[in-house]
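First the structure, in the form of structure tokens, and then the observations on it.
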Amino acid sequence: MEKKTIRLIVPDWQAGDNPVYYFGAKILQVIAPKKEGQKEITIPVPDNFKPLERENGVTAQGAVYQQVKDTVSAIDKEAPDKIITFGGNCLVSQAPFAYLNEKYDDLGVLWVDAHPDISNPEIYENEHAMVLANLLGAGDPKLSGLVRKTLKPSQVRYEGMQGGVDVEQAELDRLGVSYAAAKGNELDAEGAISWIRENGIKHIAFHLDCDVMDPHDFYATYFNNPALGPIPYNAATGHMKRASVWDFIEKISKETDLVGFTIAEYMPWSAMQMRELMKRTGTARLTALPFSFSPV
């Protein structure tokens, strides 16, 4: 019997305090190939893009908590075998990966990201930098409380991480998560496959943060914001070549059962610039077009 797969669209922007995350999720929804029988669920996220306030040291904690809670409920209702998630920022992986960890005793998590995402409210204010810590039972106590079965540190392998700042490295050591800063500009597929085999992993949840890639090789990342000001102290630039990332995902999917796949932090700067033109010229008011759009 074919396994049940659902597609989650989670346009969360509050956890990263940047409205462009919202539009990134919406564009991924349009361009992703459709497969018959895969139910698509969109988690409601406010699109008023007002300035956000901190709650308990966390940006928009209440709104972010509600979105994760809504995602948990949507997944529980469907009870899928596999989950494809389009974000939004990195926090969108919390609910699907927590669910998959309950479902599969032999789950491994490949976290392909320039950053470790193991912060907490004492380290950083935005929730998207805490998502893996939440899954490990640390991070933000309010959000980690939504994780019914926490990941073990041995279930997690980083790929492409550029090395956290001192406080993040200390947190990785405290949590017992093994890590190594990436060398060169290609992901280590053979090393990941050896890790999968050595640990008896049969199912993989794969988190892809687009910022792991070299911004000169893949445009839609945080670091290509045309209006980018000072880079936050904990935001290392990714160096991975896009072709290497694509090859890595393909090899991993052939080695084990890929049950979770997240694409996060796809930031469509050119699309946002075009949207600004449309707003300023009134083009956005044209609601009836003489053709329909079907992505190739």
Side-chain angles (χ1 to χ4, degrees), residues 1-10 28 32-33 35 37-41 68 71-88 90-113 116-118 131-139 144 146-161 175-179 187-209 212 245-264:
M1 185 172 66
E2 186 175 355
K3 292 185 176 181
K4 180 179 180 179
T5 301
I6 63 170
R7 296 155 60 102
L8 288 177
I9 314 301
V10 191
L28 289 174
K35 184 175 180 180
Q38 289 183 357
K39 185 172 182 178
E40 187 172 275
I41 301 166
V68 175
T71 310
V72 171
S73 297
I75 295 171
D76 285 345
K77 181 179 179 181
E78 294 298 325
D81 299 297
K82 300 186 177 187
I83 306 172
I84 303 166
T85 307
F86 298 123
C90 287
L91 187 67
V92 303
S93 280
Q94 176 169 326
F97 284 19
Y99 167 85
L100 293 168
N101 191 41
E102 286 187 279
K103 186 172 183 64
Y104 300 106
D105 291 332
D106 52 8
L107 183 76
V109 172
L110 284 172
W111 205 263
V112 183
D113 197 320
D117 290 346
I118 47 75
V131 53
L132 189 49
N134 295 343
L135 285 164
L136 289 162
S144 65
L146 293 173
V147 178
R148 296 181 294 238
K149 179 185 176 184
T150 57
L151 289 171
K152 299 175 183 177
S154 60
Q155 290 177 265
V156 179
R157 179 181 173 91
Y158 284 109
E159 289 290 344
M161 189 177 76
L175 295 173
V177 181
S178 62
Y179 64 95
L187 297 179
D188 182 13
E190 296 308 314
I193 289 171
S194 294
W195 172 76
I196 288 169
R197 292 173 179 172
E198 290 168 2
N199 288 277
I201 293 168
K202 303 299 182 184
H203 302 89
I204 282 288
F206 195 107
H207 173 92
L208 173 61
D209 181 341
V212 77
V245 176
W246 277 207
D247 289 344
F248 182 88
I249 297 171
E250 183 178 11
K251 289 176 180 178
I252 295 302
S253 66
K254 291 178 179 178
E255 176 66 24
T256 188
D257 190 12
L258 189 63
V259 295
F261 183 44
T262 294
I263 299 177

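Counting from 1, the numbers follow the sequence of the chain as shown. Basis for what follows: all heavy atoms, side chains included, without hydrogens, waters or symmetry-related copies.
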Quick one: closest heavy-atom pair of Val147 and Ala98, and the distance? CG1-CB, 4.1 Å
Taking all atoms of both residues into account, what is the closest heavy-atom pair of Gly200 and Asp106, and its distance? O-CB, 3.8 Å
Given side chains that start at C-beta, do those of Asn134 and Leu91 come closer than 4.5 Å, heavy atoms only? yes
Interatomic distance, CG@Leu135 vs CG@Asp117, rounded to 0.5 Å, equals 10.0 Å
Can you tell me how far NZ of Lys35 sits from CD1 of Ile84, rounded to the nearest 0.5 angstrom? 8.5 Å
Compare all side-chain heavy atoms of Thr5 with those of Pro80 and state whether any distance is below 4.5 angstrom. no
Are any of the side-chain nitrogens in Glu255 or Lys251 under 4.0 Å away from the carboxylate oxygens of its partner? no
With rounding to the nearest 0.5 Å, note down the distance linking CG in Leu151 to CG in Leu100. 10.0 Å
For a quick check under 3.5 Å, do Thr262 and His207 share a side-chain donor-acceptor pair by atom type? no
Using modelled atom types and a 3.5 Å cut-off, is there a donor and acceptor pairing between side-chain atoms of Thr256 and backbone atoms of Lys202? yes
With a 4.5 Å heavy-atom cut-off, do Trp111 and Val109 have their side chains touching? yes
Side-chain contact test, heavy atoms from C-beta onward, threshold under 4.5 Å: evaluate it for Thr71 versus Gln94 and give yes or no. no
Side-chain heavy atoms of Val259 within contact of Ile83, under 4.5 Å: no
How long is the straight-line distance from CD1 of Ile6 back to NZ of Lys82, given to the nearest 0.5 Å? 13.5 Å
Under a plain distance cut-off of 3.5 Å, with no hydrogens placed, do Gln155 and Asn101 share a side-chain donor-acceptor pair? yes
Assess the residue pair Val245 and Leu187 against the criterion (side chain to side chain contact (heavy atoms under 4.5 Å, CB included)); give the C-alpha distance rounded to whole Å, side-chain angles, the decisive distance to 0.1 Å, and a yes or no. CA-CA 6 Å; Val245 176; Leu187 297 179; 3.9 Å; yes
Which heavy-atom pair separates Ile252 from Ile196 by the least distance, and what is that distance? CD1-CD1, 4.1 Å
I need the Tyr99 OH to Lys103 NZ distance, nearest 0.5 Å. 4.5 Å
Short side-chain to backbone donor-acceptor contact, Asp209 and Val212, under 3.5 Å: no
Closest non-hydrogen contact found for Leu175 with Ala138 is CD2-CB, 3.7 Å
Might you work through the side chain to side chain contact (heavy atoms under 4.5 Å, CB included) test for Val177 and Ile118, ending with a clear yes or no? CA-CA 10 Å; Val177 181; Ile118 47 75; 5.5 Å; no
Are Glu159 and Asp188 close enough that some pair of their side-chain heavy atoms sits under 4.5 Å apart? yes
Assess the residue pair Thr85 and Ser93 against the criterion (side chain to side chain contact (heavy atoms under 4.5 Å, CB included)); give the C-alpha distance rounded to whole Å, side-chain angles, the decisive distance to 0.1 Å, and a yes or no. CA-CA 7 Å; Thr85 307; Ser93 280; 5.9 Å; no
Side chains of Pro116 and Leu132: closer than 4.5 Å at any heavy-atom pair? no
Which of these passes ring pair (Phe, Tyr, Trp, His ring centres under 6.0 Å) with Phe261: Phe86, Phe97, Phe206? Phe206
What are the two closest non-hydrogen atoms of Asp113 and Cys90, and how far apart are they? OD2-SG, 3.6 Å
Backbone of Lys4 reached by a side-chain donor or acceptor of Asp81 within 3.5 Å: yes
Would you indicate whether the side-chain heavy atoms of Val72 and Arg148 approach each other to under 4.5 Å? yes
Nearest heavy atoms of Ile201 and Gly108, plus distance in Å: CG2-N, 3.6 Å
From Leu28 atom CG to Arg7 atom CZ, the distance as rounded to the nearest 0.5 Å: 10.0 Å
Please report the C-alpha distance between Leu110 and Ile204 in whole Å, then the side-chain angles of each, then the deciding distance to 0.1 Å, and finally whether the side chain to side chain contact (heavy atoms under 4.5 Å, CB included) criterion is met. CA-CA 7 Å; Leu110 284 172; Ile204 282 288; 4.3 Å; yes
